[in-house]
Amino acid sequence: MRALEVQNLNVAYGKVQVLWDVSFHVEEGESVCIIGPNGAGKTTTLHTVSGILTPLSGRITFYGEDVTGLPAWELAERGMSLVPEGRRIFPNLTVLENLMAASYMRRCRDSFEENLEMVFDLFPRLKERRDQVARTLSGGEAQMLAIARAMITNPRLLMLDEPSMGLAPILVSKVFRSIQRLRERGVTILLVEQHVPVALRVSDRAYVLENGRIVLSGTSEEVASNKKVREHYLGI
Amino acid sequence: MRASDLKPIVALTAMLAALPLAVRMNNYYVLLLTWILYYSTLVTAWNVIGGLAGQLDLAAASYIGLGAYTMGTLLTRLDVTPWVGIPLGGLVAAGFAALVGYPTFRFGLKEAWYALATISSVVVLQKLFLVWEGVGGPEERYLPARYGELYYLRFRGYAPYYYILLAVLVMVLLLNVKIRRSKTGYYLLAIRENEEAAEILGIDVRKYKLRALLIYAFVTGCIGGIFALISGYLHPHHFDTWTSLQVAILGIVGGAGVGSIYSLPATTFIIYSISELLRSTLGGWIPGIHLIFYGVILTVVVLLKPEGLSETYERLYGRIRAALLRRRAGGG
Amino acid sequence: MLELLLQNLVNGILMGCVYALVALGLALQFGVMDIINFAHGEFVMIAMYLVFWISLYLAIPGSLTSLIVAPIYFVFGLVVYKLVIDRIVGTYPLAQIAATIGLMVLLRNLALAAWRAQPRGLQYEVLRGSVTLGPVVVPISRLTAALVSVGTMLALHWFLTHTRLGLALRATSDDMQAASLLGINVRRMFALAFGLGCAIIGIAAAFIMTFQQVNPESGLTWGLISWIIVVMAGLGGVSGVLLSGLILGMVEALEITFWDPRASLAVMYSLFILILWVKPRGLFGRR
Amino acid sequence: MRRRPGIGRTILVGALIVLILLVALAAFYMRKPAPTPSPTPAPTTAPPTTAPPAPKIEEIVIGMVEPLSGTHSIFGIEAKQAAELIIEDINAKGGIKSLGGAKLKLVVEDSKDSIEGAKLAAEKLISQYHPPIIIGAYISRHTAAMAEVTEREKVILVADALVDFLSEKGWKYFFRACPKTSIHGKTAMDFVYETAQRKGIDIKTVVIINEDSVFGRYTALGAYHEALGLGLTVLDQIEYPYDIADASPIVSRLMELDPDVVISVPYFSDGVLIATTMEEVGYKPMIVAGAGGCGYCDPDSISAAGSAVEGFTQTYSYNPFLNTPYNREIVQKFQERYGKLPTEAGGIIFYSLWTIKEALELAGQMFPEDPLNPDNLRQAFLALDITSGPAAETYPSGHIKFGPNGDNIYAMAVVLQVQNGEPVLVYPFEYAQAEPIFPIPGYKP
């Protein structure tokens, strides 16, 4: 089953168009990454898919349903979950309250206890700090909380926007280890990342976005072996 | 300053100067026109802070009161002529404005706090002048009834005040045009559009906002002095929150800072006349109908036409002009 | 003098609790929606009239009407939200201020047209008399109002920290976009916050009416007091509001004891400007 | 240089503007010597020429300015209602007989509860209706603003505002039948003192509390001077804002001072607030005597404060319970039409309008050739000495005669007391309906 299908997406901020005919898809259980240079439109793509932005034209299908133009909260109710760039945890809520606020949707209330155990299992660090106010967390912990918060919502598609941004190298590998573990659990993942080598390592397929257009796609191995990608992104 | 800026001002002055003659100097109509002109002047001055700088200033009554008290106290106590007292009142008002504006104009502080601080300042001053027996106190203080003497600027009729206010209005209009064309004007508009971007571009946000505020407060303080001359006495009720609100309402409805500056006196003229008409016809059944009207018009305009009425006038003017031209063409 | 000071301080603390409750509604709306409702005081005034009429026609004491007025006012809040606030939230700040000022002028003068300037007060009230604690006399009506205020604040605090809905409200207040990504309908949260804020006003109004009267001008005073408290509290949550209310009540009491009762409002607003000057994020603010 | 022509043009245009203004001003002053339309003759009246046959006057416009909107509209609206009733009554009873039964016509204008509005209203009345007499405007500062207009236009102003200084300005065309504020204060103090003496109770100390308007202050001053004159000790005078949210600080202060007598000048809601707070904390002095025309004994206050104001007294410029034929008649009519008892605002209008009627009557007799000439009318007002008829029957002292400053020489206020939830007249003793209760219920020595 196709989890997400994006067809011919065109998006503009005011009069400036930033995405041109972007098409891609994510199969259920698959892990896909979108890579590309700064300003290529990766975040815009995720914002449009998750309903924060409305596209000029194009079609977004989520598990067979046309969801183009729906507001973010409705998409979330259907199981789409975005971990936004810069984490965006709720700073004045405690760790536990952050996680509880994420279980606001009716469909994830019953499974909250279960999911809570699951994320505490994934991120034992959070369990230690469950009653700490979120704004006192370190960058890595905050990123873990953001991912954990998304996991609480029982996502049918987990989208991660630059999870490595602003983290020390050790923490980056820590975060990606947890993404890898999510992948092993069968979570469908759409990842946007500048840190190309690790991103390709945790995904099955990859798209390369440049200047608002998809310029290359294929399995991670294919993309990694592409000459241009090797030169520009992998630095080999 | 360009000739195209001045033409409408000359036309407006001529028209307004002729109005009292048109109503044959009837005291009632001249007084009514004087009040309309008074509010027009206030609203046009308000445009500097409310329109160009985009700060919702609700302290008009504070500056009016301070201007009135400064001028009036100097006149009654030390026999200082209003010619000196009025600009001094403007200075006092500007000083007070700086006191309220400086803390609230720091970059990134919410606009609402400024609005709240200013409307609170009106109440504070009213209460303080009520307690301050030296110059205020609950008793009215009357200005000397030396009518017709230029030294005292007191007149029995209203026409002299009308023309004084008209002169002030013209000056304020010129001031507005001048500021808008100046560097300060461009910076203010930039701050209004996007404060953050302006700050990043290196514009000293606080400095320019303060500059606009000082100009506005000075002018309003001067108008306050003239107000005291017209009303003939001083009382803490000169610090009246309703005056502040009325000025802001007329300014917002008139589209301060968005469209043409002439939209402001025009709006004042229209709204004041309608409210006066409403009051004299329906006021007997529904007390305060004219005030309800102000509330309704403000809410409706903000919700449906947030940029104010100036554009509407322009379209109307264009249509009338086109119709006239067509008729002339048809006739000729 | 010491007795008078003590008595006035107790009065100040009791009034401070009531001030805090009145401001709590505004603080909630401001915290969640980042909007300052200039018509807040007028909302309080209309609620007081509502209490007056309901109490008169149903012949029940004013304090009991809170059970009726609070739900009515919750609905009233939703209606106002739908008609006015929903259109201006998140737009140009000037438009927000202007629209609520329009609402303020409108409500005040509608009240004047409907009820004239005559002050209305309730006569029948079960909460009468006073208790004497040493040198201090405490009127029961004010004591009850203060206790109800604190109770309501505790209840709201519990709601905000222990229920999913409350957490969703706080999450919306912290980060609207992130909240909507978690399936929280932000506009519904806004409506809820506005309605809840109004319901709190309803409760406050019922207990204010046990010892106060209402006229169309009463709104200004309540509005200004609430704004001062919100500025003082910053985004400091329920406890910040309560503390700010108490501070304000005590400042008023001290001013009246040592200076002139006529200047109390002036002193309170000077405090407001002072806080904007030295601590623009409020005394208890976090952001 | 590029800028030269621009500056030249600016100066040119500036000069043009100044010129236009000068021309307009000149035009204004050129017109000035030309006779301004004489304010006196109503459009319906014949011009007051020297023609020997007495001009036939059919209708005389009486202007009225009252606050019909805003905070004080509660008074203005009642005044307007009372005026409509009385004008009808005067016309029904034959109008001004000495002027051939001329009818009175009332024109009411709203003062918008502001000085600008009061002035505007007076100008409007004068320029559109040319009334010889204007009555109003309840609030003293509005009245003062209006007087500037009426003095200039030579229109008689009959004031229904109480503050003392209005009659101290040397205004020529100003008259006031109602008792001024200091008389209210004095009456309240006298009442307490004389009642105490009658009951053989010794009173020594007084505290005066008043709201902070000029009205409150002048009333308090009247009481203050009277207290000193009677040899009492005034412990303190407390001023507070009329819109206080909480009266407990004032009551606490009273408890600390613990005077025998509290003289209180309330505005409206503050009175009820003070009374209920006193009851709540269980504090009662020997008496709380209100001064100044509204407060403790108004029907609204009694219904709002209930038992809290039992025994409280208040001075009024008008006594709705005055037991004279005309007063009974008019109170009944007022109640039938408006469903409430007339209070201060209406009562003052009752006798002020009847006084105007008597003055017009007298002017018709004294100056048959030109009765509405302002100076003739003024003579008639000064010559009035009313001791009978509706004006006298509705006035507390039953006697109206204007002194040179325009105040009634026989001005008097009455004292009502709340007894068993009803206001009753207790002072002056010769008119009293009931014996005053003193000390008031709940007083603990």
Side-chain angles (χ1 to χ4, degrees), chain A residues 46-47 49-53 70-110 112 131 133-136 142 145-146 148-155 157-161, chain C residues 27-28 30-34 86-87 89-92 156-193 196 230 233-241 243 281-287:
Chain A
L46 285 195
H47 278 190
V49 169
S50 63
I52 294 171
L53 294 173
L70 286 184
W73 64 272
E74 269 188 47
L75 289 168
E77 283 206 327
R78 282 159 205 250
M80 208 184 260
S81 196
L82 170 68
V83 179
E85 188 179 349
R87 273 102 51 195
R88 309 285 287 267
I89 52 172
F90 303 122
N92 296 317
L93 272 58
T94 63
V95 169
L96 190 62
E97 283 174 338
N98 260 282
L99 297 174
M100 269 177 78
S103 69
Y104 168 75
M105 282 182 289
R106 193 153 290 131
R107 64 173 184 79
C108 46
R109 279 187 200 171
D110 295 336
F112 175 65
D131 291 323
V133 179
R135 92 186 98 95
T136 60
L145 177 57
R149 200 176 60 179
M151 288 311 296
I152 290 282
T153 65
N154 283 335
L157 169 66
L158 178 67
M159 297 186 282
L160 298 151
D161 193 355
Chain C
L28 183 67
F30 169 63
V32 174
M33 302 158 74
D34 199 20
D86 192 38
R87 294 159 190 263
V89 80
T91 59
Y92 197 44
L156 184 76
H157 184 73
W158 183 87
F159 169 75
L160 287 177
T161 47
H162 285 83
T163 64
R164 280 209 168 79
L165 201 57
L167 282 171
L169 265 180
R170 283 170 66 207
T172 310
S173 150
D174 264 10
D175 190 331
M176 247 163 71
Q177 207 179 64
S180 72
L181 286 173
L182 295 173
I184 297 171
N185 183 347
V186 170
R187 291 201 175 262
R188 198 174 295 160
M189 287 303 126
F190 286 173
L192 177 70
L196 266 183
V230 169
L235 289 165
V238 176
S239 53
V241 173
L243 282 174
R281 299 281 185 275
L283 299 182
F284 310 102
R286 290 175 303 211
R287 267 201 294 209

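What you see below is based on every heavy atom in this structure, not just the backbone, and it leaves out hydrogens, waters and symmetry mates. So that the names make sense, note that chain A is the first sequence line, chain B the second, and so on, each numbered from 1. Since we're looking at a predicted model, the values are computed, not measured.
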For chain C, which residues of residues 98-108 of chain A have heavy atoms nearer than 4.5 angstrom: A:Met100, A:Ala101, A:Ala102, A:Ser103, A:Tyr104, A:Met105
More than 12 heavy atoms from other groups under 6.0 Å of CG on C:Asp86: yes
Inter-residue atom distance A:Phe112.CZ - C:Arg164.CZ, 0.5 Å rounding: 6.0 Å
Pair listing, ring-ring contact (aromatic ring centres under 6.0 Å, His included) test, anchored in residues 74-103 of chain A, at least two apart: none
Contacts of residues 180-187 of chain C with chain A (heavy atom under 4.5 Å): C:Ser180, C:Leu181, C:Leu182, C:Gly183, C:Ile184, C:Asn185
All pairs passing salt bridge (charged side-chain N to carboxylate O under 4.0 Å, His left out) where residues 84-105 of chain A contributes a residue, at least two apart: A:Arg88-C:Asp175, A:Glu97-C:Arg170
A:Leu82 versus chain C, the contacting section by heavy-atom distance below 4.5 Å: both
Pairs of heavy atoms under 4.5 Å with chain C: top-ranked of A:Thr153, A:Ile152, A:Leu93, A:Leu75: A:Leu93
Top of C:Ala178, C:Ala179, C:Ala171 for chain A proximity - count of heavy-atom pairs under 4.5 angstrom: C:Ala171
